[in-house]
Number of protein chains: 2
Amino acid sequence: MPEAPSKRSARDAEKADIDRIIEAVVYLYTEARRVTKEVARERGLTGPQISAIKILESFGDISLSELSDRMSARNSTITGLVDRMERNGLVERIRSAEDRRVTLIRLTPEGARIAREIPVDSMQILGAALDSLSRRDRHELRRILVSLTAAVEEEVRRRGHAPERARQPETP
Amino acid sequence: MPEAPSKRSARDAEKADIDRIIEAVVYLYTEARRVTKEVARERGLTGPQISAIKILESFGDISLSELSDRMSARNSTITGLVDRMERNGLVERIRSAEDRRVTLIRLTPEGARIAREIPVDSMQILGAALDSLSRRDRHELRRILVSLTAAVEEEVRRRGHAPERARQPETP
DNA sequence: TCCATTTATTTAGCATACTAAACAAATGCC
DNA sequence: GGCATTTGTTTAGTATGCTAAATAAATGGA
């Protein structure tokens, strides 16, 4: 980023900050995801499957919709994921008695065993690196990111570009 | 058993910071990607196709391998992407004269036209939200994220989990 | 009660992504 | 020169991810 020595330099510096932040977020996400995938692979699983297993371990039997929400994915995506996990003997589907539209997803003993073996935090690399920050920086980072997240959420709401998971119905 | 505000609780607080930071990074990345996809969709394209078009606009005719590197993806992935773009009349493949193993990817006039219409920065939402931070916070965020990125890079190197390819992650 | 609407899940079809393996062309080393 | 190795691309197969449409069950209102 070239910095002009004029009035524009202030704005350029801000633009540079923004570009660098975006680049960092993309890098951190990509790298963390890649490592998660490797951890998963050692056990013959995939990244999303590990996520699902850990969520099911924490929350017990939950509906497919709740699993979708917790994984930030659409129901149709999770249907496929659960299909593959079921095929591999990690989970089973159970019809809910209270609401027969609902499918509950449950870990099999094998799935539960694997869940226990897997470290809680699968984003290991990011976690380890975060440990290397000073406590103050880490806290500061959290504060700023949380406010940034709120700003993005607000922006998303304002634009009506919502993932419609939470609220907005679609435009037919 | 919260009687001891001992080392335990300090560590718990740090763990909470870390979890929240990871959550924020994942959220920010996911949301930015979703918005990019919507921008693309308005023109009948997809996120990665927009990336490819903008890269080709900037760098001219480049080989499939170079395009793969710049998009942080594998050759086989880009083969498929180029196939679809070629089918849609956005690019064409040209056999290199110097090295006949090489395929050069070139924008068609139609592809070049679309490239000109598309704004450079596709991570709009993130950029807009970053604007809402105070200058001081934005600068602080940059400083911490840059040092965090360096820590992750170091960790990756140390583990030998390197992607063994180009480093720059790319925005879809 | 009966029917329109809403909610939960699945199906179908596409676009990305990756790894592994197959091929083809260029290079290197004897 | 001749063959092993490297480099560039494609093919095959699997896993994610999304939207749109199809189903099925629950709910609400006239």
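Below, chain A is the first sequence line, B the second, and so on; all start at residue 1.
Side-chain atoms of B/Thr108 come within 3.5 Å of backbone N or O of B/Gly89 as a donor-acceptor pair.
Taking 4.0 Å as the cut-off between side-chain N and carboxylate O, A/Asp83 and A/Arg93 count as a salt-bridged pair. Between B/Glu140 and A/Arg136 a salt bridge is recorded (basic side-chain N to carboxylate O distance below 4.0 Å).
Taking CG of B/Leu45 as the reference point, atom CZ of B/Arg84 lies at 12.5 Å (rounded to 0.5 Å).
Taking hydrophobic clusters as Ile, Leu, Val, Met, Phe, Trp and Tyr residues chained together by side-chain heavy-atom distances below 4.5 Å, B/Phe59 shares a cluster with B/Ile78.
Taking every heavy atom of residues 57-67 of chain A and every atom of DNA chain C, pairs under 4.0 Å involve A/Ser63, A/Leu64, A/Ser65, by number. Residues of residues 84-103 of chain B having a heavy atom closer than 4.0 Å to DNA chain C, listed by number: B/Arg84, B/Arg87, B/Asp99, B/Arg100, B/Arg101.
Checking D/dT9, D/dA20, C/dT9 against every side-chain atom of A/Thr79, the shortest atom distance belongs to C/dT9.
Between A/Met71 and B/Gly80, the one whose closest nucleotide on DNA chain D sits nearer the 5' end is B/Gly80. With DNA chain C read from its 5' end, the first of the two nearest nucleotides for B/Leu81 and A/Arg41 is the one closest to B/Leu81.
For the pair A/Ser76 and C/dT10, the criterion of a side-chain N or O lying under 4.0 Å from OP1 or OP2 is not met.
Atom P of nucleotide D/dT16 and atom CD1 of A/Ile78 are separated by 9 Å, given to the nearest angstrom. C/dC14 atom P lies 14 Å from atom CD of B/Gln49, rounded to whole Å. Atoms CG (B/Asn75) and P (D/dT7) sit 13 Å apart, rounded to a whole Å. Spacing between atom CD1 of A/Ile50 and atom P of D/dT16 amounts to 11 Å, rounded to whole angstrom units.
Just one of B/Ile50, B/Ile62, B/Ile105 meets the side-chain contact (heavy atoms from CB on, under 4.5 Å) condition when paired with B/Ile55; it is B/Ile62.
Applying the side chain to side chain contact (heavy atoms under 4.5 Å, CB included) rule to A/Ser58 yields no partners; only residues at least two apart in sequence or on another chain are considered.
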